[in-house]
Each structure stands twice: as structure tokens, then as C-alpha cells.
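Structure record follows, encoded as C-alpha cells.
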Amino acid sequence: TATGYLTPLNLSVRAKTRVLLSHFIGSGKSRALKKVFHFLTGDRRSNENVMTGALAADRILEEVKKDAATDNQGTLFFIHLLIPHSSYVFDSDCGLLDPSLWEECIVAPEDDLSVANSAEDRLRKYPLYFGQARCTHRKLDSFFEELRRQGMYEDSAIVITADHGSRIFLTVPTEANRERLIPSDWTSAYAAFLTVKSSGATDGQGSVNRDRVPLMKIIGEFFGLLSRSDLEQPSLYKVYLQKEDPSSFSEADPPDFSR
């Protein structure tokens, strides 16, 4: 949750207390308690649990810089940053937003996944999401500049991707909702950013591939990690919808994300 990263932030004690209380209330199962909390605080978000994982990005990248400078060549670093993941706490210049403006991608209560956001919710949240995405690019650019300064950038192979889309969908992609999903729901859930730099490369040109190409296929081909037969496995071209049992999933064919 990265609540520990609240301490050094330039926020009032009231604001920090409110965020921590939101975490505490959101982690419980009592919807009545949540409603009382949001009523008392005047918060218009009726059932969201604010996440502060994005606040940890700077500290984590700083730690990786130190580790990269001391570890031997050939070391693999796997870094999972919760940014631009919601809550949206940074603006496009990486300035900290007032906590009253922080938003979550999904507002659906845990016991009702039929609707996640309204059209108005999407119009309000996507500018915040894109602002935090631009902030993410700034943080990564600073990280790469440090790698260049240390002479490690050119010889490093770097893969940046996401484990899901924005999740600012109208309807949660589940098996029960399959027939109600529209293209933007699929895109918000499954379309992910990907960029790759090979070892020995400094600058390159990117291209937009509008086909439904799995990330694993692109990465496998780029680094030669998978055989041709592996790359043609039908399962690579599937997405998965959660069933009523959270541990069970059904396969689905993704839509054409270019539309």
C-alpha cells in the first residue's frame, strides 16, 4: 500500500490521517462503516479504497540505481511499480495532487461487479490517469539518465510493459458480464503498453502494431526466448475472464484493439 511513504510528503496531518483512515476502512468488509466514513469526511467516493502505491516509485527506482551500480553485469532486475496504476496521486509534472482529488480506477462495490464506472466517471478519471502516465515517463527518463551517467544504459536490455490496462472500464470483464462488454471495456482491461531496448542499442524507432499481438510473443521473438512452435500456441492469443469462483477463469478471444 506504500502508506509508509506518506510521512515525508508535503501534506497536512489532516490529509495524511484521512488517507490512512481510508485504507483502514477500505480494508474491512463493512459497507455500512464505509458509508459512515465517507459521509463524515464529505468524500463523494462511496466505496473506493485509496491506494498509495504510486508514492513508492521514486524510492524503488533509487534503490535500483544503487543496486545496478554495485551488481555484476548480467544481473536481472524485475521491478513492479504501481504507477501509473491508481490511485492517481501525481499530475503530469509529478506534482502531488491534493488527496481529495485522488481517484481509483474502479468504483464497483465488491459484491456487485455489474458496473464499474459511469461515462461521467471515465471522462473525469482518464485525464488523471494520463497525467500520472506522463509523470511515469518523467520518472523513467530520470532513471535512464542515471544509467547513462553510470555508463550502463547502452549495455542494458530494458523491457517496460504493464500487467493490465487502465481498468477504467464501464463494466468489469467477468464471465457473468461477457455479453455486456463493449470494445472499450476490453481495451481498458487488457491493452497494455510495451517498449523494448536491446543490449547495445542507444536510440531506436518505435512502431504501432494494430494487430492483436500478445506481449509474450513480442518479447519472446525479440530476445529469442521461445521456439517458433511456442510462439504459435493458441493460448497466447487468449484473455481470461474471472468466473464466480475467483480462482476459476474462462478463455475469451480479445477484440481488435485498433477499433
Checklist entry - So, are R138 and D141 salt-bridged, with charged N and O less than 4.0 Å apart? => result no
Item to check | R178 bridged to E175 by N-O distance under 4.0 Å | outcome: yes
Checklist entry - Going through the checks in order, is the side-chain contact (heavy atoms from CB on, under 4.5 Å) test met by R180 and N177? => result CA-CA 5 Å; R180 300 177 55 243; N177 295 336; 3.6 Å; yes
From [X] atom [atom1] to [Y] atom [atom2], the distance as rounded to the nearest 0.5 Å:
X: Y129; Y: R167; atom1: OH; atom2: CZ; result: 11.0 Å
X: I83; Y: K139; atom1: CD1; atom2: NZ; result: 5.5 Å
X: F90; Y: T136; atom1: CZ; atom2: OG1; result: 8.5 Å
X: I168; Y: I106; atom1: CD1; atom2: CD1; result: 9.5 Å
X: S87; Y: L97; atom1: OG; atom2: CG; result: 10.5 Å
X: S198; Y: I158; atom1: OG; atom2: CD1; result: 10.0 Å

Show the nearest heavy-atom pair for residues [X] and [Y], with the distance to one decimal.
X: A119; Y: L170; result: N-CD2, 3.8 Å
X: L241; Y: A252; result: CD1-CB, 4.1 Å
X: A54; Y: H85; result: CB-O, 4.4 Å

For the side chain of [X] and the backbone of [Y], is there at least one donor-acceptor N/O pair under 3.5 Å apart?
X: K125; Y: E104; value: yes
X: S199; Y: D155; value: yes
X: S86; Y: C105; value: yes
X: Q242; Y: A176; value: no
X: T70; Y: D67; value: yes
X: D93; Y: G95; value: no

Heavy-atom side-chain contact between [X] and [Y] under 4.5 Å:
X: D58; Y: I60; value: no
X: E244; Y: T174; value: no
X: H164; Y: Y190; value: no
X: V196; Y: V159; value: yes
X: K243; Y: F249; value: no
X: E154; Y: R148; value: no

Next on the checklist: With a 4.5 Å cut-off on side-chain heavy-atom distances among I, L, V, M, F, W and Y, is there a chain of contacts connecting V89 to L140?
Outcome noted: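 Yes, same cluster.
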Next on the checklist: Membership question, hydrophobic clusters at under 4.5 Å side-chain separation (ILVMFWY): are I79 and I160 in the same one?
Outcome noted: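 Yes, I160 connects to I79 through the hydrophobic network.
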Next on the checklist: For F193 and H137, take the angle between the two ring planes, folded into 0 to 90°, and tell me which bin it lands in: parallel under 30, tilted 30 to 60, perpendicular over 60.
Outcome noted: tilted
Checklist entry - Could you go step by step and tell me if R59 and E62 meet the salt bridge (charged side-chain N to carboxylate O under 4.0 Å, His left out) rule? => result CA-CA 5 Å; R59 186 77 63 86; E62 286 299 321; over 6 Å; no
Item to check | side-chain contact (heavy atoms from CB on, under 4.5 Å) between L96 and D91, intermediate numbers included | outcome: CA-CA 7 Å; L96 190 66; D91 62 23; over 6 Å; no
Checklist entry - Can a cation-pi geometry be assigned to K197 and Y153, taking NZ or CZ under 6.0 Å from the six-membered ring centre and within 45° of the ring axis? => result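 Pair K197/Y153 counts as cation-pi.
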Checklist entry - Going by distance alone, is a donor N or O of one side chain under 3.5 Å from an acceptor N or O of the other, for Y126 and S166? => result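 The criterion, which ignores hydrogens and geometry beyond distance, is satisfied for S166 and Y126.
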Item to check | Test applied, side chain to side chain contact (heavy atoms under 4.5 Å, CB included); reference residue, T171; option that passes from N117, I182, D185 | outcome: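 Result for side chain to side chain contact (heavy atoms under 4.5 Å, CB included) with T171: D185.
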Checklist entry - Checking side-chain contact (heavy atoms from CB on, under 4.5 Å) for the pair R134/F130: CA distance, chi angles, key distance, verdict? => result CA-CA 6 Å; R134 285 190 286 271; F130 289 134; 4.0 Å; yes
Checklist entry - Could you go step by step and tell me if S188 and R122 meet the side-chain contact (heavy atoms from CB on, under 4.5 Å) rule? => result CA-CA 11 Å; S188 297; R122 283 168 55 86; 3.5 Å; yes
